[in-house]
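First the structure, in the form of structure tokens, and then the observations on it.
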Amino acid sequence: MVAPLLLNKLLAHGDTVGRIVEVEAYAGFEDPASHAFRGETPRTAVMFGPAGHLYVYFTYGMHWCANVVCGEDGTASAVLVRAVAPVEGVEVMRTRRLAARRDRDLTNGPAKVCQALGLDGAHDGADLVSGDRGVRLLDDGTPPPADPGVSTRIGISVGTEHEWRWFVADDPFVSSARGVRPRDPDGGVREVPRAATPPGGGPR
DNA sequence: CTATAGATGCCCT
DNA sequence: GGGCATCTATAGC
């Protein structure tokens with residue numbers, strides 16, 4: 001699985017940049033939760049193309065979500081970017097996400113990421129390496145976490161047995177993830193989606 | 001903090 | 001027409 005390797009990479013669009021802190025893998029033909037499970041359609045065409053492009057889809061009548069296509073040509077594997085931590089352009093993100101009352105709400109969900117970074121259907125199929133539409137996937141040298149948090153995926157009704165969600169443990173921008181099963185309750189859960197707030201909070 | 005309901009439009013059967 | 005890879009406001013603890 002290459003999905004957890006995307007953790008701590010940067011997703012950049014224009015003046016806004018976010019560090020990827022939460023992802024989910026979707027495995028095409030083998031995965032009933034994937035949009036590509038039933039084969040190629042106009043909507044899913046990009047996923048069947050080469051890796052390194054962006055698959056952007058529209059859902060729930062109002063939200064855009066973005067994926068990094070990562071399979072070989074024809075395999076339709078994709079990684080959903082579920083959350084990023086703002087790195088640059090926070091002021092711009094605030095103007096795009098007026099509903100966000102706290103900064104953590106700017107980018108702690110897949111549709112929030114697209115709204116904050118200004119991504120929509122116009123970016124479906126964009127090349128993340130050449131940056132042909134202004135969207136790039138960058139590496140600033142920060143390695144992926146050695147021991148990322150793992151859980152089942154969020155918001156799906158099939159394929160729920162796979163623990164194909166990875167996140168940077170303890171990062172405040174990881175989504176709240178209600179109704180998600182952490183890894184192996186009895187076999188040693190390494191991380192839970194949320195770090196418990198220590199008594200007394202942080203510094204003062 | 002948790003839980004719930006409603007918004008809203010496209011895709012595919 | 002059914003079902004969404006979601007988010008927000010609101011209510012209650």
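Chain letters run A, B, ... following the sequence lines, proteins first and then strands; every chain starts at 1.
- Between Arg153(A) and Glu24(A), the shortest heavy-atom contact is CA-OE2, 3.3 Å.
- OP1 or OP2 of dC4(C) has at least one side-chain nitrogen or oxygen of Ser157(A) nearer than 4.0 Å.
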Please write out the pairs of protein N or O atoms and N or O atoms of nucleotides 11-13 of chain B separated by less than 3.5 Å, giving the distance to one decimal.
| unit_1 | atom_1 | unit_2 | atom_2 | d |
| --- | --- | --- | --- | --- |
| dC12(B) | OP1 | Thr41(A) | OG1 | 2.1 |

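- Residue pairs meeting the ring-ring contact (aromatic ring centres under 6.0 Å, His included) criterion with at least one member in residues 132-157 of chain A: none, sequence neighbours excluded.
- Shortest non-hydrogen contact noted between Arg19(A) and Asn8(A) is NH1-O, 3.2 Å.
- Rounded to whole angstrom, the span from the CG atom of Asp31(A) across to the C1' atom of dA5(C) amounts to 10 Å.
- The aromatic ring of Tyr26(A) sits over the base of dA5(C), with ring centres less than 5.5 Å apart and planes tilted by under 30°.
- Side chain of Phe58(A), nearest nucleotide from dG9(B), dT6(C), dA5(C): dG9(B).
- Counting only residues at least two apart or in different chains, ring-ring contact (aromatic ring centres under 6.0 Å, His included) contacts with residues 72-99 of chain A are absent.
- Clustering of Ile, Leu, Val, Met, Phe, Trp and Tyr side chains at separations under 4.5 Å leaves Tyr60(A) isolated, with no partner residue.
- Under the side chain to side chain donor-acceptor pair (under 3.5 Å) criterion, Arg136(A) pairs with no residue at all, not counting sequence neighbours.
- Distance Asp120(A) CG to dT6(C) P: 18 Å, rounded to the nearest Å.
- Taking atom CD1 of residue Ile156(A) and atom P of nucleotide dT6(C), one finds them 9 Å apart after rounding to whole Å.
- Nearest to the side chain of Tyr55(A), among dA9(C), dA5(C), dC1(B), sits dA5(C).
- At whole-Å resolution of the value, CG in Asp124(A) and P in dA5(C) are 15 Å apart.
- Counting heavy atoms of neighbouring residues, nucleotides and ligands inside a 6.0 Å radius, atom CG of Asp132(A) exceeds 12 of them.
- The CG-C1' distance, from Leu106(A) to dT8(C), rounds to 15 Å in whole Å.
- Residue Ala33(A) is classed as a base contact, given a heavy-atom separation below 4.0 Å to a base.
- Annotation: ring-ring contact (aromatic ring centres under 6.0 Å, His included) contacts involving residues 88-147 of chain A, sequence neighbours excluded, comprise His13(A)-His123(A).
- In DNA chain B, the stems built from three or more successive Watson-Crick or G-U pairs (distances below 3.5 Å) are B:1-7 with C:6-12, B:9-12 with C:1-4.
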Which pairs of donor and acceptor atoms, one on a side chain in residues 64-77 of chain A, lie under 3.5 Å apart (sequence neighbours left out)?
| unit_1 | atom_1 | unit_2 | atom_2 | d |
| --- | --- | --- | --- | --- |
| Asn67(A) | OD1 | Leu80(A) | N | 3.4 |
| Asn67(A) | ND2 | Tyr55(A) | O | 3.3 |
| Thr75(A) | OG1 | Glu72(A) | N | 3.1 |
| Thr75(A) | OG1 | Glu72(A) | O | 2.8 |

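- The nearest whole Å value for the distance from the CG atom in Asp105(A) to the P atom in dT6(C) is 16 Å.
- Pairs engaging residues 75-96 of chain A under the ring-ring contact (aromatic ring centres under 6.0 Å, His included) rule: none recorded [sequence neighbours left out].
- Note on Leu80(A): a base of the nucleic acid sits closer than 4.0 angstrom, heavy atoms only.
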Donor-acceptor list for residues 37-50 of chain A side chains, cut-off 3.5 Å, not counting sequence neighbours:
| unit_1 | atom_1 | unit_2 | atom_2 | d |
| --- | --- | --- | --- | --- |
| Thr41(A) | OG1 | Arg43(A) | N | 3.4 |
| Thr41(A) | OG1 | Thr44(A) | N | 3.4 |
| Thr41(A) | OG1 | Thr44(A) | OG1 | 3.3 |
| Thr44(A) | OG1 | Thr41(A) | N | 3.0 |
| Thr44(A) | OG1 | Thr41(A) | O | 3.4 |

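- Atom-to-atom, NE2 of His35(A) to P of dC10(B) comes out at 15 Å; the value is rounded to the nearest Å.
- Within residues 60-77 of chain A, the residues having any heavy atom closer than 4.0 Å to DNA chain B are, in order of number, Tyr60(A), Gly61(A), Met62(A).
- Applying the side chain to side chain donor-acceptor pair (under 3.5 Å) test to Arg101(A) and every residue at least two apart in sequence or in another chain returns nothing.
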